[in-house]
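Quick note: residue numbers are just sequence positions, from 1.
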Amino acid sequence: MLVTGASGRVGRFVIDRLLDAGVPVRALTHRAEAAETLPAKVEVFAGDLTVPESLDPALKGAGAVFLVWTAPPRTAAAVVERLAAHVRRVVFLSSPHRTPHPFFQQPNPMAVLHADIERLIAATGLESTIIRPGMFASNSLAWWAPAIRAGEVVRWPYGAAETAPVDDRDVAAVAARTLCLDGYVGGDYVLTGPESLTQAAQVGVIGDALERRIAFEEMTPDDFRSLSEGTAPSPVVDMLLAAWSAAVGQPAYITTAVADILGTPPRTFRQWAADHATAFTEGS
């Protein structure tokens, strides 16, 4: 099995699950330092999605690929063509852009890219599985951990917006299972956590895990745009604001896909927060 995005928040867990199952694993990375963090059993290949021919050594002899697209779109067709020439199966980490819920129906350049890659995969005849995580629980580390570590108020827009955060580990477990077993070929799965929580409530859950109250303060969309300047592309910021605005007063979209595939219920956001409590008090 070849895992792209091997040092990312999902890919790294996919590697662990495959190794636990006794499956030989290859990892694709374009950063030498990323290779140093991977288990010794992993066969590491240098490669870059923007240079499709660089993938050939990693693909030769592989049976399946976990594809996480982390590059501009211009080389997507050439990369998918190379996958089809070398492997039998691909599991693609996409997004819930087909989901009939206002949160997922806002203009989103990443969703457009994902849809294009899905069409490319379908056209090749590859055995494919599409997994579509909703909002990741781990987003809260990037969003709120700096203020929490500093003991400050968490200021954020649309605190009443509801999502169903999914644990990265559950997404990875689904990816690993669908890579290894034939029964999921052709599957298309939206992955969510088990409960709908407002963003303000999620901050409260993190406070419970830290055994202290964390104050939450509503931020205006314009203030959020100013805060995000230089750290996130403006189309991404606009997409998030539109999605959160559309989600206010709407219970989050929730599926049973994680439980259906793994046979165990998905982790709650409270479980995720308890397991990652130290990340909100230590590190950078």
Heavy-atom closest pair, residues P266 and V258: CB-CG1, 3.7 Å
Path from V10 to I261 over hydrophobic side-chain contacts below 4.5 Å: yes
Pairwise side-chain contact, R88 with L126, heavy-atom cut-off 4.5 Å (strictly under): no
Test ring-ring contact (aromatic ring centres under 6.0 Å, His included) applied to F224 - qualifying residues, sequence neighbours left out: W156, W244
E118-S94 side chain donor-acceptor pair, cut-off 3.5 Å: yes
Over-ring placement of R9 relative to F136, 6.0 Å and 45° cut-offs: yes
Salt bridge present between R155 and D223 (N-O < 4.0 angstrom): yes
W143 side chain near L141 side chain, heavy-atom distance below 4.5 Å: no
Exercise: do S138 and D168 side chains pair donor with acceptor under 3.5 Å: yes
Electrostatic pair R12-D16, nearest N-O below 4.0 angstrom: yes
Test item: side-chain donor near acceptor, R132 and H114, under 3.5 Å: no
D222 and T220: side chain donor to acceptor below 3.5 Å: no
Joint cluster assignment, V42 & L55, ILVMFWY side-chain distance < 4.5 Å: no
Set of ring-ring contact (aromatic ring centres under 6.0 Å, His included) partners for H101, sequence neighbours left out: none
Test item: R17 side-chain N/O and A176 main-chain N/O as donor-acceptor pair under 3.5 Å: no
Taking every non-hydrogen atom, the tightest pair across A111 and S95: CA-OG, 3.9 Å
Any donor-acceptor N or O pair under 3.5 Å, side chains T163, Q202: yes
Inter-residue atom distance W272.CH2 - D167.CG, 0.5 Å rounding: 8.0 Å
Determine all donor-acceptor pairs shorter than 3.5 Å in which one atom belongs to a side chain in residues 62-73; sequence neighbours excluded.
residue, atom, partner, partner atom, Å
W69, NE1, A71, O, 2.6
W69, NE1, P72, O, 3.3

hydrophobic_cluster_shared for V14 and V166, side chain cutoff 4.5 Å: yes
Side-chain donor-acceptor contact under 3.5 Å, E162 with S196: yes
